[in-house]
Amino acid sequence: MSKLMRNLLFGVVAVLVIGALAVWLAPMIQENRAAAEKTPVPKSVYITSYGAECSVESFEVVRRDSDEVTALESRLDEDTAARVWKMKDYPDAGVNNYNIASTTGLMKNLGSSGIAAEDQTYKANFGLDNPAYTVRIHYTNGAEETIYIGDENPGKTGYYVTKEGDDRIFVVNTLNIHYLTTEYYGYWELPAFVGAEETITEVCVERFKTDEIVHLLVVPSGTYGNVNTGRLIKPYDIQADLDAQDEFIKLVADQIKGPSGLVNPEPSAADLESYGLAEPIYRLTVKTADASIVLTIGDLFDTAVSVKDAYRYCKVNDDTAVYRINAADLNGIIDVAASSLADPLLNYISLSYLESLDFTGGGVQVHADVEQIITDSDGNPVTIEDSVGMTNTTIEQKVTVNGRELDRRTFGSWYTHVVGLRVYGELPDDYVPEGECEAELICRLNVRSTGMNQRTIRFFEYRHDFYALEIDGKFDFYVDHAALQDIISNASLVLE
């Protein structure tokens with residue numbers, strides 16, 4: 001037999017043998033593959049696993065770097081069957097139950113994304129020879145777990161974790177580690193304020209560095225019977241630009257909800273100094289008929305980030321703790337200018353708020369005293385301040401002119417022209433009157449609701465068709481000559 005024929009024969013035999021083996025092994029391969037398909041691939045290895053009948057009763061977190069301990073404990077409320085939590089070091093402080101529920105839920109069923117080592121031979125390589133955190137958990141069934149948290153993994157996706165009594169080293173998601181290591185500050189119940197746009201009755205902004213106050217008293221139109229009262233701004237004692245004011249009130253209602261985080265629960269005097277709260281920069285007061293919030297505001301919390309994303313230190317009401325508030329939420333509120341809310345017209349105050357008025361012009365002198373008589377729904381007298389927020393009030397005026405009682409409608413018709421006098425334009429910044437008009441008008445308005453005792457308005461010649469207007473010694477606007485003469489000529493009607 002030739003060499004070629006011999007090699008060909010060996011090849012045929014090899015093919016036949018391999019084919020026979022494939023036929024013989026095929027059933028076993030199919031059986032093993034089917035078994036593998038039926039075996040689930042584990043998605044997570046659980047470090048702790050407790051059923052729904054078991055809850056976390058208490059836990060504590062010890063930090064290696066600061067030796068600080070965050071400890072929370074609970075009791076079962078027999079009436080509600082809910083667990084009532086408190087912070088061990090701050091038993092009187094309110095707690096954020098949502099954050100506690102998230103953390104304790106994780107503690108009951110803590111999963112890992114994988115196993116980094118089956119034993120702890122090289123635990124120092126994972127930062128577990130001296131753990132950064134030690135978490136001790138006590139369950140309602142009497143069980144206890146101690147979990148140690150080491151270094152972050154190279155991929156920055158998780159931390160190395162081990163459990164007492166288990167030699168394995170796990171990798172736990174970074175977000176879950178953040179929940180497990182939450183400090184007291186994360187469980188602190190933050191003060192909250194809910195002031196809907198239609199419920200706000202007062203907003204006061206105090207700027208201490210410049211000694212400025214913008215005080216807005218919100219008195220909805222129509223509150224007092226048929227009198228369209230509008231709204232008042234202190235200390236200007238003038239009605240507001242209603243559109244601008246509505247925008248401002250909406251801004252306050254949308255943005256002032258309270259602080260966004262706790263900074264220091266027990267600040268020292270030195271702490272308050274460093275926060276800019278020993279001598280605060282701003283104070284913001286927002287009131288509704290039922291609630292109020294007072295924010296005392298200090299320095300920027302973090303000047304390393306842009307103002308848009310920064311926080312300011314603040315205190316809330318009489319709370320001794322220091323919080324942080326988003327600086328962006330204060331934009332347009334703490335820096336509001338009274339002039340941006342004020343009506344630029346001489347529409348100072350409705351008759352419903354007038355206390356007295358002195359008028360001199362055209363040889364006529366008018367002195368009017370107005371007594372405001374406000375009653376509640378039961379007919380009992382109340383003050384203007386106390387009536388804010390009431391839905392059913394009645395207001396009437398007793399008007400005395402030059403010592404003689406006068407019908408309020410007669411006086412009100414003339415007074416409407418006085419307060420309705422419109423400015424025509426703005427005076428130059430360097431304006432100085434060259435001479436007083438013979439028909440000089442002096443008008444004093446005492447507005448009881450704002451506590452201002454007197455406002456003096458005087459008019460001077462300004463070009464040939466206008467009068468320059470001086471309000472409390474300051475020249476800003478000028479008015480139409482004919483409009484002012486109309487007021488002067490009609491003044492005599494209230495004396496007849």
Side-chain angles (χ1 to χ4, degrees), residues 227-228 230 232 235-239 342-373 396-428 430-450 452-496:
V227 179
N228 187 2
L232 305 178
Y236 287 88
D237 301 339
I238 60 179
Q239 288 186 353
D343 192 333
L345 310 180
L346 295 183
N347 190 11
Y348 292 112
I349 191 66
S350 73
L351 186 58
S352 302
Y353 288 91
L354 181 65
E355 184 177 290
S356 65
L357 177 147
D358 286 304
F359 168 82
T360 301
V364 176
Q365 292 185 343
V366 177
H367 173 78
D369 291 309
V370 182
E371 181 183 356
Q372 306 295 337
I373 303 172
E396 296 180 355
Q397 295 83 31
K398 177 182 177 182
V399 181
T400 304
V401 176
N402 293 356
R404 177 173 59 91
E405 187 172 343
L406 187 70
D407 180 75
R408 67 174 297 276
R409 292 177 179 82
T410 301
F411 177 78
S413 298
W414 174 74
Y415 178 70
T416 300
H417 291 287
V418 175
V419 296
L421 182 64
R422 293 176 175 269
V423 299
Y424 199 89
E426 293 188 39
L427 292 166
D430 57 351
Y431 173 76
V432 177
E434 296 179 357
E436 294 188 17
C437 172
E438 290 183 2
E440 180 190 52
L441 171 68
I442 299 177
C443 180
R444 295 181 178 87
L445 302 179
N446 298 316
V447 185
R448 181 166 51 196
S449 64
T450 61
M452 296 294 290
N453 295 321
Q454 181 171 291
R455 157 147 281 187
T456 302
I457 306 169
R458 298 198 300 168
F459 296 83
F460 298 86
E461 290 282 4
Y462 178 66
R463 298 191 282 191
H464 85 285
D465 282 334
F466 303 103
Y467 285 116
L469 174 62
E470 181 198 52
I471 302 177
D472 296 339
K474 185 177 180 180
F475 291 94
D476 282 322
F477 308 106
Y478 59 90
V479 298
D480 181 70
H481 186 284
L484 179 57
Q485 286 299 324
D486 185 57
I487 293 173
I488 294 172
S489 62
N490 284 284
S492 59
L493 297 178
V494 300
L495 300 177
E496 295 178 357

Looking at Arg409, I want to see if its CZ is surrounded by more than 12 non-hydrogen atoms of other residues, nucleotides or ligands under 6.0 Å.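 Counting other residues, nucleotides and ligands, CZ of Arg409 stays at 12 neighbours or fewer.
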Side-chain contact, heavy-atom cut-off 4.5 Å: [X] with [Y]?
{"X": "Tyr462", "Y": "Pro433", "value": "no"}
{"X": "Lys398", "Y": "Glu405", "value": "yes"}
{"X": "Ile488", "Y": "Val364", "value": "no"}
{"X": "Ile457", "Y": "Leu469", "value": "yes"}
{"X": "Tyr467", "Y": "Gln485", "value": "yes"}

If you measure from CZ on Phe411 to CG on Leu357, what distance do you get to the nearest 0.5 Å?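 With rounding to 0.5 Å, CZ (Phe411) is 5.0 Å from CG (Leu357).
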Can you tell which of Phe466, Tyr431, Phe460 makes a ring-ring contact (aromatic ring centres under 6.0 Å, His included) with Tyr478?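 Testing each of Phe466, Tyr431, Phe460 against Tyr478, the sole residue satisfying ring-ring contact (aromatic ring centres under 6.0 Å, His included) is Phe466.
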Tell me if a side-chain donor or acceptor on Asn402 pairs with a main-chain N or O of His367 at a distance below 3.5 Å.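 Yes; judged by distance alone, with no hydrogens or angles, the pair exists.
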When you measure from the side chain of Asp486 to the backbone N and O of Ala482, does any donor-acceptor pair fall under 3.5 Å?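 No.
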Kindly indicate, with the supporting measurements, whether the criterion side chain to side chain contact (heavy atoms under 4.5 Å, CB included) is fulfilled by Phe359 and Ile487. CA-CA 10 Å; Phe359 168 82; Ile487 293 173; 4.3 Å; yes
Verdict with reasoning, Val401 to Val366, per side chain to side chain contact (heavy atoms under 4.5 Å, CB included): CA-CA 7 Å; Val401 176; Val366 177; 3.8 Å; yes
